[in-house]
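Report on the following structure.
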Amino acid sequence: MNRKRVLTGAMLVAMLVLPVIAAPPDSKSTTDREAALAEKWIAGWNSHDPDKMLPLFTDDIFYEDVAFGEVSHGRAEVRKFVVSEIEGVPDLELKLMRSNIHDGHGTIEWMFSGTDKDVFKTGKKFSVRGVSVIDMRDGKIFRNVDFYDVATIMRQVGQLPTPPANAK
């Protein structure tokens, strides 16, 4: 009977302790850093300051805005892209909807809103959902590809007709 208790206790300890010992020592901190990156990415855009955004990227960053076909290579080109976005939508605001980043790859889902000043030059407000697919190296983004529906923006600012309510 005593042996049974000792064996049961040893098995219980093994079940509780071994997974902790077997886990990589910084797996939680890596996950936390990756999750925090999405918040920093959003804050960088919302700061309207490229110098707050650029430290998130590697020197050889590849940044693509698929909706407008904009491709930027390296920090200097990304800086120009960020400045053009802020000039085009001076009250640009991104809201973090959700992020899922693990092992150096993931997504940042966001809501982008603002007033069109220099994109279509309408002065009208818009809001669109989107997602950025990112790849990381050494804690920084080296590939960032943004996907969103530009037609949604165009409808909201009056550049495309709104489809009829009964359209499928």
Side-chain angles (χ1 to χ4, degrees), residues 26-163 165 167:
D26 67 345
S27 65
K28 185 175 181 354
S29 64
T30 299
T31 301
D32 290 346
R33 276 194 312 267
E34 290 177 338
L37 180 77
E39 292 175 7
K40 289 178 183 174
W41 188 91
I42 295 289
W45 275 111
N46 288 338
S47 74
H48 297 194
D49 181 354
D51 292 328
K52 292 188 178 171
M53 181 112 187
L54 291 174
L56 300 173
F57 303 115
T58 61
D59 291 338
D60 62 342
I61 177 67
F62 171 87
Y63 198 115
E64 182 177 10
D65 180 312
V66 173
F68 280 97
E70 295 279 337
V71 176
S72 303
H73 298 275
R75 285 186 177 183
E77 288 184 14
V78 170
R79 171 185 284 284
K80 287 179 188 174
F81 172 72
V82 171
V83 168
S84 73
E85 290 295 306
I86 294 165
E87 289 172 351
V89 185
D91 59 345
L92 170 153
E93 181 183 8
L94 273 84
K95 290 184 181 171
L96 180 62
M97 306 305 287
R98 172 183 170 169
S99 66
N100 187 358
I101 306 168
H102 298 286
D103 299 324
H105 178 76
T107 57
I108 303 170
E109 295 178 42
W110 37 263
M111 181 68 72
F112 171 33
S113 60
T115 306
D116 168 38
K117 178 185 172 205
D118 281 338
V119 180
F120 300 104
K121 301 181 184 343
T122 65
K124 295 183 180 178
K125 293 197 173 290
F126 69 89
S127 183
V128 66
R129 290 178 48 218
V131 64
S132 295
V133 178
I134 63 168
D135 289 304
M136 298 173 59
R137 178 186 333 119
D138 299 325
K140 293 187 176 190
I141 301 169
F142 73 88
R143 182 175 178 272
N144 188 125
V145 182
D146 295 342
F147 296 92
Y148 56 98
D149 182 16
V150 74
T152 295
I153 296 172
M154 293 175 77
R155 280 187 203 96
Q156 292 175 12
V157 300
Q159 295 299 298
L160 280 179
T162 303

Can you find a pair of side-chain heavy atoms, one from [X] and one from [Y], that are under 4.5 Å apart?
X      : Y      : value
Lys80  : Ser72  : no
Leu94  : Leu96  : no
Glu39  : Ser99  : no
Phe126 : Thr152 : no
Phe62  : Val71  : yes
Val157 : Val119 : no
Trp45  : Trp110 : no

For residues [X] and [Y], report the shortest heavy-atom separation together with the two atoms involved.
X      : Y      : answer
Asp91  : Lys125 : OD2-NZ, 3.3 Å
Gly130 : Tyr148 : CA-CB, 3.9 Å
Lys52  : Ser47  : CB-OG, 3.6 Å
Leu37  : Gly139 : CD1-O, 4.4 Å
Glu93  : Lys95  : OE2-CE, 3.5 Å
Ser127 : Met111 : OG-SD, 3.3 Å

Anything under 30° is parallel, anything over 60° is perpendicular, the rest tilted; go ahead and classify Phe68 against Phe120.
tilted
Which class fits the ring pair Phe81 and Tyr63: parallel under 30°, tilted 30 to 60°, perpendicular over 60°?
tilted
Whether His105 side chain and Met136 backbone form a donor-acceptor pair below 3.5 Å:
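No; judged by distance alone, with no hydrogens or angles, the pair does not exist.
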Under 3.5 Å, is there a donor-acceptor pair between the side chain of Asp60 and the main chain of Gly74?
no
Find the distance between [atom1] ([X]) and [atom2] ([Y]) and round it off to the nearest 0.5 Å.
X      : Y      : atom1 : atom2 : answer
Arg137 : Arg143 : CZ    : CZ    : 12.5 Å
Lys117 : Ile86  : NZ    : CD1   : 12.0 Å
His102 : Thr107 : NE2   : OG1   : 9.0 Å
Asn46  : Leu92  : CG    : CG    : 6.5 Å
Ile153 : Asp116 : CD1   : CG    : 8.5 Å
Glu77  : Glu70  : CD    : CD    : 10.0 Å

So does Arg79 pair up with Asp51, basic N to acidic O under 4.0 Å?
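Yes, charged N to carboxylate O under 4.0 Å.
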Show your working on side-chain contact (heavy atoms from CB on, under 4.5 Å) between Ile101 and Ile134 and close with a plain yes or no.
CA-CA 8 Å; Ile101 306 168; Ile134 63 168; 3.7 Å; yes
Lys140, NZ: over 12 other non-hydrogen atoms inside 6.0 angstrom:
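Result for NZ/Lys140: enclosed.
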Report, as yes or no, whether the 6.0 Å neighbourhood of atom CG on Asp138 holds more than 12 heavy atoms from other residues, nucleotides or ligands.
no
